[in-house]
Number of protein chains: 2
Amino acid sequence: MRFSHQREVIKEILYATNSHPTADWVFSKVRMSIPSISLGTVYRNLKQLDYLGVIKTIYDGPITRYDWNNEPHDHFKCKKCGALVDVALSDSSIKENIKDKFNFKVDDVEITLIGTCNKHLKINK
Amino acid sequence: MRFSHQREVIKEILYATNSHPTADWVFSKVRMSIPSISLGTVYRNLKQLDYLGVIKTIYDGPITRYDWNNEPHDHFKCKKCGALVDVALSDSSIKENIKDKFNFKVDDVEITLIGTCNKHLKINK
DNA sequence: ATATTAATAGTAATAATTCCTATTACTATT
DNA sequence: AATAGTAATAGGAATTATTACTATTAATAT
Ligand SMILES: [Mn+2]
Ligand SMILES: [Mn+2]
Ligand SMILES: [Zn+2]
Ligand SMILES: [Zn+2]
């Protein structure tokens with residue numbers, strides 16, 4: 001695969017946020033430095049970066065997002081504000097336990113927590 | 001909400017399969033008994049049934065599916081054939097464990113197993 | 001039976017994503 | 001440095017999934 005400035009910028013933009021952005025958000029960002037870029041180029045490169053294992057595509061309900069963090073990890077989804085936040089299920093033995101229970105070949109366990117993020121929680125004791 | 005024959009048939013079709021069908025699949029099925037039905041009616045009623053809690057909408061990557069089983073349960077996704085199969089994580093204490101670890105209010109834990117279903121596994125010992 | 005009005009069929013509109021093609025710009029070779 | 005070969009891009013068309021609109025139909029209360 002040949003070097004491409006567009007792809008580098010897209011990659012940098014992704015690596016600079018933890019917000020799991022959509023293709024459209026990336027598009028509007030990359031336009032700031034490359035005004036001539038097209039949305040198709042953004043989609044094509046996001047797909048390539050995913051294929052290369054450089055980033056990971058995340059399906060947040062009906063919304064497609066992109067994650068610079070290609071390491072296996074899980075997410076918390078806030079019902080109130082829609083934020084998608086990384087969570088580390090430190091005890092990865094949870095996943096191993098789950099894997100052992102089935103007559104399928106389980107390669108991955110994806111866990112999404114759903115609820116309300118601390119931004120909306122009353123601090124008052 | 002008023003009775004509708006269309007909605008009843010859609011519900012029955014969903015309740016007769018474990019395949020987590022798409023709106024389009026439901027549409028083609030319901031056409032067999034109601035040839036005049038429109039795709040919009042299928043979508044509208046699936047959304048209403050979800051809203052009523054009668055069925056559950058499932059996001060399988062970029063594919064939207066519908067599940068008659070509105071009880072909390074998890075799924076296994078086969079990378080080879082794309083099948084989405086119910087799994088019962090019998091030990092629901094797993095989920096309670098996970099819930100206890102975070103400074104968010106966690107209402108639900110969604111778990112998807114990803115791998116290869118037994119249809120493709122060699123039986124040979 | 002009639003009136004009321006929610007639900008439908010059919011179609012148009014929208015949104016996300018992919019496809020197509022002429023043009024551009026890396027890269028290797030003279 | 002110029003040339004040739006070709007991968008990547010820009011821009012727009014096409015596709016797909018879903019929602020919105022509206023005249024007509026049909027469920028329900030009177
Ligand atoms: Mn993440
Ligand atoms: Mn299910
Ligand atoms: Zn929130
Ligand atoms: Zn399979």
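From a predicted model like this one, the values you see are computed outputs, not experimental measurements.
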Novice: Do the side chains of A:R65 and A:W25 get nearer than 4.5 Å, heavy atoms only?
Specialist: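 Side-chain contact under 4.5 Å: no.
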Novice: Between A:K95 and A:D74, is the closest basic N to carboxylate O distance under 4.0 Å?
Specialist: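 Salt bridge flag = yes for A:K95 with A:D74.
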Novice: Can you see which heavy atom on B:H73 is nearest to which on B:H75, and at what distance?
Specialist: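 Heavy atoms only, the tightest pair is NE2-NE2, 3.1 Å.
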Novice: How far apart are the closest heavy atoms of B:F76 and A:V106, and which atoms are they?
Specialist: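 Where B:F76 meets A:V106 most closely, the heavy atoms are CE1-CG2, 4.0 Å.
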Novice: Test of understanding: with side chain to side chain donor-acceptor pair (under 3.5 Å), list the residues that count as partners of A:K29, not counting sequence neighbours.
Specialist: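 None.
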Novice: Name all residues meeting the ring-ring contact (aromatic ring centres under 6.0 Å, His included) criterion together with B:H5; count only those two or more places apart in sequence or in a different chain, and write none if there are none.
Specialist: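 ring-ring contact (aromatic ring centres under 6.0 Å, His included) check on B:H5 returns nothing, list empty.
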Novice: Please tell me which of B:P62 and B:R2 maps to the more 5' nucleotide of DNA chain D, matching each residue to the nucleotide holding its nearest heavy atom.
Specialist: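 Checking each residue's closest nucleotide, the 5'-ward one belongs to B:P62.
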Novice: Does atom OH (A:Y15) have a neighbourhood of more than 12 heavy atoms from anything else shown, all under 6.0 Å?
Specialist: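 Yes, OH of A:Y15 has more than 12 neighbouring heavy atoms, counting only those of other groups under 6.0 Å.
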Novice: Output the residues of residues 4-31 of chain B in contact with DNA chain D, where contact means a heavy atom of the residue under 4.0 Å from an atom of the strand; sort by number or write none.
Specialist: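 Residues of residues 4-31 of chain B under 4.0 Å from DNA chain D: none.
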Novice: Could you tell me whether a side-chain N or O of B:W68 sits under 3.5 Å from a main-chain N or O of B:T17, the two making a donor and an acceptor?
Specialist: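 Indeed, once roles are kept as given, a pair shorter than 3.5 Å links the two residues.
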Novice: Could you identify which residues of residues 33-44 of chain A place a heavy atom less than 4.0 Å from some atom of DNA chain D, listed by residue number, or say none?
Specialist: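 Result for residues 33-44 of chain A: A:S36, A:I37, A:S38, A:T41, A:R44, sorted by number.
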Novice: Going 5' to 3' along DNA chain D, between which two nucleotides do contacts with chain B fall, using a heavy-atom cut-off of 4.0 Å?
Specialist: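 The contacted stretch runs from D:dA17 to D:dT28.
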Novice: Reading DNA chain C 5' to 3', how would its secondary structure be written in dot-bracket notation, given Watson-Crick and G-U pairs with both distances under 3.5 Å, brackets [ ] for crossing pairs and | for partners on other strands?
Specialist: ||||||||||||||||||||||||||||||
Novice: Taking for each residue the nucleotide of DNA chain D bearing the nearest heavy atom, is the 5' side occupied by B:M1 or by B:I63?
Specialist: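 The residue whose closest nucleotide sits nearer the 5' end is B:I63.
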Novice: Is there a side-chain contact between A:L113 and B:D108, using heavy atoms and a 4.5 Å cut-off?
Specialist: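 In short, these two side chains do not touch, never coming nearer than 4.5 Å.
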Novice: Tell me yes or no: between the side chains of A:R44 and A:T41, is some donor less than 3.5 Å from an acceptor?
Specialist: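 Looking only at side-chain atoms, A:T41 and A:R44 do form a donor-acceptor pair, the distance falling under 3.5 Å.
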Novice: Tell me whether A:D67 contacts the main-chain N or O of A:H20 through its side chain, where contact means a donor paired with an acceptor under 3.5 Å.
Specialist: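 Not a single qualifying donor-acceptor pair exists.
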Novice: Check whether any side-chain N or O of B:K77 sits under 3.5 Å from a backbone N or O of B:G82 as a donor-acceptor pair, and report yes or no.
Specialist: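 Here the side-chain-to-backbone pair exists.
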Novice: Using 4.0 Å as the upper bound for N to carboxylate O, is an ion pair formed by A:D107 and B:K79?
Specialist: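 Yes, charged N to carboxylate O under 4.0 Å.
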Novice: Rounded to the nearest angstrom, tell me the gap between atom NZ in B:K47 and atom P in C:dA7.
Specialist: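 B:K47 atom NZ is separated from C:dA7 atom P by 15 Å.
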